[in-house]
Enquirer: 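The structure that follows is given in the form of structure tokens.
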Amino acid sequence: NSSHRFIFYFALAISWEVIIGLKIPFINNNPYPVKFIYYFFIYELGCIFYSKKLYNSNPKPVMILYILLLLATSLMKSPLYTRLLYELIFVPISVMALYYISLKINHNKLLIYLGKNSLYIYMLHEPLVLSVISRYLLRHGLYRFGVLAPIIAILSILLSIVIYNCLIR
């Protein structure tokens with residue numbers, strides 16, 4: 001029965017999260033059994049998502065819950081409660097939310113173009129373009145991270161594509 005398995009893995013995941021929170025050196029150095037059980041928990045959630053046909057349901061409640069959990073995990077002070085909320089509730093909800101988001105943006109031309117050029121953006125943007133733009137802005141006293149970060153990211157992506165198309169192709 002899937003509900004019994006889910007309850008079992010949920011209880012295991014909570015107990016292992018509490019054990020990790022105790023900071024036992026052996027477990028902190030060897031976290032693989034913990035992660036293995038956690039991946040079974042995530043797998044079980046995926047089975048429930050598919051078997052109950054939740055992928056056909058209304059995405060709005062999941063998206064609202066995703067935003068609320070994002071705020072809650074970022075505002076919580078307790079590391080144990082934050083980790084429990086994040087790993088046991090936020091991660092599964094975020095996977096469902098990203099599934100629904102991917103359905104909405106599946107045929108976006110800009111994202112398809114960026115996806116086709118993603119290897120070249122990855123290879124050129126950080127080591128070459130981003131570092132050059134950042135050094136230039138720092139040298140001239142124009143670097144304000146919060147304000148210019150999106151502009152720098154967009155410029156570095158565009159320049160990476162231009163460099164690839166002009167020099168390598």
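Here, residue 1 is the first one in the sequence, and each next residue gets the next number. Atoms considered below: every heavy atom in the structure, side chains included; atoms not considered: hydrogens, waters and symmetry mates.
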Enquirer: Counting C-beta onward and ignoring hydrogens, is there a side-chain heavy-atom pair between Y113 and I161 closer than 4.5 Å?
Expert: yes
Enquirer: Any non-hydrogen side-chain atom of I101 less than 4.5 Å from a side-chain atom of L98?
Expert: yes
Enquirer: Nearest 0.5 angstrom please: I93 CD1 to L65 CG, how far?
Expert: 4.5 Å
Enquirer: With sequence neighbours left out, write down each residue that passes side-chain contact (heavy atoms from CB on, under 4.5 Å) with L75, or none if nothing qualifies.
Expert: none
Enquirer: Distance check, rounded to the nearest 0.5 Å: S102 atom OG versus L111 atom CG?
Expert: 11.0 Å
Enquirer: Roughly how far, to the nearest 0.5 Å, is CG of L119 from OG of S160?
Expert: 11.0 Å
Enquirer: Passes side chain to side chain contact (heavy atoms under 4.5 Å, CB included), I112 versus N108? Steps please.
Expert: CA-CA 6 Å; I112 290 172; N108 186 310; 5.9 Å; no
Enquirer: Answer yes if L68 and L85 sit in the same cluster of Ile, Leu, Val, Met, Phe, Trp and Tyr residues linked by side chain heavy atoms under 4.5 Å apart, and no otherwise.
Expert: no
Enquirer: Looking at residues at least two apart in the chain, or sitting in another chain, which of them share a ring pair (Phe, Tyr, Trp, His ring centres under 6.0 Å) with Y66?
Expert: F90
Enquirer: Applying the 4.5 Å side-chain criterion to the ILVMFWY set and letting contacts propagate, would V62 and I64 be lumped into a single cluster?
Expert: no
Enquirer: For the atom pair CG (L69) and CE (M76), what is the distance rounded to the nearest 0.5 Å?
Expert: 10.5 Å
Enquirer: Could I get the full list of side-chain hydrogen bond (donor to acceptor under 3.5 Å, both in side chains) partners for Y100, not counting sequence neighbours?
Expert: S57
Enquirer: To the nearest 0.5 angstrom, please state how far the CD1 atom of I89 sits from the OG atom of S94.
Expert: 12.0 Å
